[in-house]
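Heads up, the thing below is written out as structure tokens.
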Amino acid sequence: MNNALDMIEAKVLSGQRLTREDGIALYDSNDLARIGYLADTVRRRISGDYVYYDVNLHINLTNVCIGQCKFCAFGCKATSDRAYSLTKQSVLDRIAKAASDPDMKNLHIVSGLHPDWPYEYYLDIIKTIKHTFPDMHLKGFTGVEIMHFVKISGKSIREVLSELMEAGLETMPGGGAEILDDDLRKKLCPNKATSAEWLEVARTAHKLGMKTNASMLYGHIETVEQRIDHLLTLRNLQDETGGLQTFICFPFEPKNTQLESCITRTSVWDDLKTMAISRLMLDNVHNIKAYWVMLTLPIAMLALGFGANDIDGTVGGEKIMHAAGVSSQKSLTKNSLIAAIKEAGRIPAECDCNFNVVRTF
Ligand code: SF4
């Protein structure tokens, strides 16, 4: 008998909102099966039996970055042997090659904070991609990148977002949120957007009519309380704007980062519990993503029973997580994603980056 879990179950089954104390009690419990059952119940109620995926290409324009975040294996200095920066033509060539698959309609563009590229470069590349490939859906630039553009352009968040939207940007990914706690951010990533700045970018995007995602990077130096507070901060934002499409929890991959020697990767147990608790706490966000690139496909399939209803996409060209040595494949075929979703007993729903369903299987 677990009184705290009994009370939480009663709340979940009657549709009541969970509190901070409930979230912490869920982390304190070792009854993973029961937490998973509760999350799956909420998943069915909120988003039904469809599991969303897209056929997509990741484009990381450069890994040169002024960030130097302790948890990052991707960003580096311009002088590093690993440094690269794509030319506009090579970006177009990559898209053209991927677009030979007629189902490939979604681009995911995130990059390092390049010390020398002007804001106009980013605007131009979005305009050029949209002009050359008008049918492509463009998801791009985290809240951290948008704040970088604000700083290098001298424009406001609203001006930057409006100009990018006019150029063809349709939605934003959820990266850069990490844990929205400034004490933690000062220790881990002091050179990038503060919590308030990240939130203001998302809020402004929502007011301008652009949907965004949100994420949580967990399993480094944060506490369970900071994880729950992060989820509650996002829940409050969603109550205010309704503009969050999807929440993604990223387990921290220590390999090749500044924290490699002192932190070990989270357990599958923690990953599934965090997935389930995210579903339970974020009662106002429609989609919870099991990002197979970080979880591996078998664990992502399992996560579909722990509250997730989105498995990301075919993910051609991903570099950021693979820089940290994740063991998953570089990309998956559409058929293997469909098979994985069906094997998990759910209905595959192919969508664009705004969750418009293209077809179901
Ligand atoms: S997390 Fe982003 S901002 Fe930080 S170093 Fe890596 S690429 Fe740069």
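This is a predicted model, so every value here is computed, not measured.
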message = Under a 3.5 Å cutoff, is there a donor and acceptor pairing between the side chains of R227 and Y27?
response = yes
ILVMFWY network linking V64 to F74, side-chain heavy atoms under 4.5 angstrom = no
inquiry  = Could you tell me if the side chain of W292 sits less than 4.5 Å from the side chain of I299, heavy atoms only?
reply    = no
key: Mutual orientation of the aromatic rings belonging to Y52 and Y50 [parallel < 30°, tilted 30-60°, perpendicular > 60°]   = tilted
task = Report the C-alpha separation of H58 and N106 in whole Å, then their side-chain angles, then the decisive distance to 0.1 Å, and conclude whether the side-chain contact (heavy atoms from CB on, under 4.5 Å) test is met.
result = CA-CA 9 Å; H58 280 218; N106 299 285; over 6 Å; no
ask   = Under 4.5 Å between side-chain heavy atoms, hopping through other hydrophobics if needed: is there a path connecting W198 to M147?
value = yes
query = For the residue pair Y121 and L86, what are the closest heavy atoms and their distance?
reply = OH-O, 3.3 Å
task = Taking S278 for its side chain and T274 for its backbone only, find out whether a donor-acceptor pair lies under 3.5 Å.
result = yes
Exam field: side chain R346 to backbone L304, donor-acceptor pair closer than 3.5 Å = yes
task = Run the numbers on H137 and L107 for side-chain contact (heavy atoms from CB on, under 4.5 Å), then give the verdict.
result = CA-CA 6 Å; H137 295 279; L107 297 178; over 6 Å; no
Reported OG-to-CD1 distance for the pair S100 and I95, which is rounded to 0.5 angstrom = 12.5 Å
message = Between S111 and N60, do the side chains contain a donor N or O and an acceptor N or O under 3.5 Å apart?
response = no
inquiry  = Between F250 and Y291, is the ring-ring contact (aromatic ring centres under 6.0 Å, His included) condition met? List the steps.
reply    = CA-CA 8 Å; F250 294 129; Y291 187 44; 5.7 Å; yes
ask   = For K151, does the NZ atom sit with more than 12 other heavy atoms under 6.0 Å from it, leaving out its own atoms?
value = yes
query = Does V42 reach the side chain of V12, with side-chain heavy atoms less than 4.5 Å apart?
reply = yes
ask   = Quick one: does I66's side chain get under 4.5 Å of N191's, heavy atoms only?
value = no
message = Please check this pair: side chain of K130 against backbone of L138, looking for a donor-acceptor N/O pair closer than 3.5 Å.
response = no
task = Taking all non-hydrogen atoms of both residues into account, name the closest pair between D103 and R359 and its distance.
result = OD1-NH1, 3.5 Å
query = Where is the tightest heavy-atom contact between P118 and I152, given as atom of each residue plus distance?
reply = C-CD1, 4.0 Å
message = Please check this pair: side chain of T257 against backbone of P254, looking for a donor-acceptor N/O pair closer than 3.5 Å.
response = yes
message = Can you confirm whether R279 sits close enough to I46 that some side-chain heavy atom of one is under 4.5 Å from a side-chain heavy atom of the other?
response = yes
query = Between the side chains of D54 and N56, is a donor N or O closer than 3.5 angstrom to an acceptor N or O?
reply = yes
message = Do H230 and E222 have side chains that approach each other closer than 4.5 Å (heavy atoms only, starting at C-beta)?
response = no
query = Between Q245 (side chain) and C353 (backbone), is there a donor-acceptor pair under 3.5 Å?
reply = yes
inquiry  = Centroid separation under 6.0 Å, is that true for the rings of Y122 and F149?
reply    = yes
message = Would a single hydrophobic cluster contain both V51 and V358, if residues Ile, Leu, Val, Met, Phe, Trp and Tyr are joined by side-chain heavy-atom contacts under 4.5 Å?
response = no
task = Run the salt-bridge test on K88 and D124 with the 4.0 Å N-O cut-off and return the result as yes or no.
result = yes
inquiry  = So does T19 get a backbone contact from the side chain of D22, meaning a donor-acceptor N/O pair under 3.5 Å?
reply    = yes
task = Measure the spacing between NE2 of H220 and CZ of F252 and express it to the nearest 0.5 Å.
result = 7.5 Å
request  = Provide the closest heavy-atom pair for I157 versus E200 in the form atom of the first, atom of the second, distance.
outcome  = CD1-CG, 3.8 Å
task = Salt-bridge test for D6 and R34: reply yes if a basic N is under 4.0 Å from a carboxylate O, no otherwise.
result = yes
message = Quick test of your reading of the model: are D271 and R265 salt-bridged, counting only N-O distances below 4.0 Å?
response = yes
ask   = Would a distance-only check, ignoring hydrogens and angles, find a side-chain to backbone donor-acceptor pair under 3.5 Å from H206 to G243?
value = yes
Any side-chain heavy-atom pair of T360 and P348 under 4.5 Å = no
ask   = When you check the gap from the basic side-chain N to the acidic O, do D229 and R20 get nearer than 4.0 Å?
value = yes
key: Short side-chain to backbone donor-acceptor contact, N213 and L244, under 3.5 Å   = no
Ion pair check, E260 and K255, cut-off under 4.0 Å = no
Hydrophobic cluster identity match, L208 and L123, side-chain contacts under 4.5 Å = yes
request  = Working to the nearest 0.5 Å, report the span between CD1 of I221 and CG of L188.
outcome  = 4.0 Å
request  = Determine, stepwise, if the pair L61 / V91 fulfils side-chain contact (heavy atoms from CB on, under 4.5 Å).
outcome  = CA-CA 8 Å; L61 298 170; V91 171; 3.7 Å; yes
inquiry  = Please check this pair: side chain of E120 against backbone of W117, looking for a donor-acceptor N/O pair closer than 3.5 Å.
reply    = no
query = Is M301 linked to I338 within one hydrophobic cluster, defined over Ile, Leu, Val, Met, Phe, Trp and Tyr using a side-chain heavy-atom separation of less than 4.5 Å?
reply = yes
inquiry  = So T246 and I288, do their side chains get closer than 4.5 Å, heavy atoms only?
reply    = no
Under 3.5 Å side-chain donor-acceptor pair for N287 and N309 = yes
Salt bridge D239-R17, side-chain N to carboxylate O under 4.0 Å = yes
request  = Indicate the atoms forming the closest heavy-atom contact of T266 with G219, along with that distance.
outcome  = CG2-CA, 3.5 Å
query = Name the one of K187, R185, K192 that satisfies salt bridge (charged side-chain N to carboxylate O under 4.0 Å, His left out) with E178?
reply = K192
task = Take atom CD of E166 as the centre, draw a 6.0 Å sphere, and report whether it contains more than 12 heavy atoms from other residues, nucleotides or ligands.
result = no
task = Go through the side-chain N and O atoms of D181 and Q226 and say whether any donor and acceptor fall under 3.5 Å apart.
result = yes
E9 and Y37 side chains, donor-acceptor separation under 3.5 Å = no
task = Examine distances only and state if a side-chain atom of S215 and a backbone atom of G174 form a donor-acceptor pair shorter than 3.5 Å.
result = yes
inquiry  = Under the criterion side-chain contact (heavy atoms from CB on, under 4.5 Å), I'd like the reasoning laid out for I109 against I125: C-alpha separation, chi angles, the key distance, then a yes or no.
reply    = CA-CA 11 Å; I109 306 169; I125 204 143; 6.0 Å; no
Q89 and D93: side chain donor to acceptor below 3.5 Å = yes
message = For a 4.5 angstrom cut-off between non-hydrogen side-chain atoms, does L161 reach M172?
response = yes
key: Ion pair check, D40 and R43, cut-off under 4.0 Å   = yes
task = Identify the heavy atoms of L57 and R94 that sit nearest to each other, and give their distance.
result = CD2-O, 4.0 Å
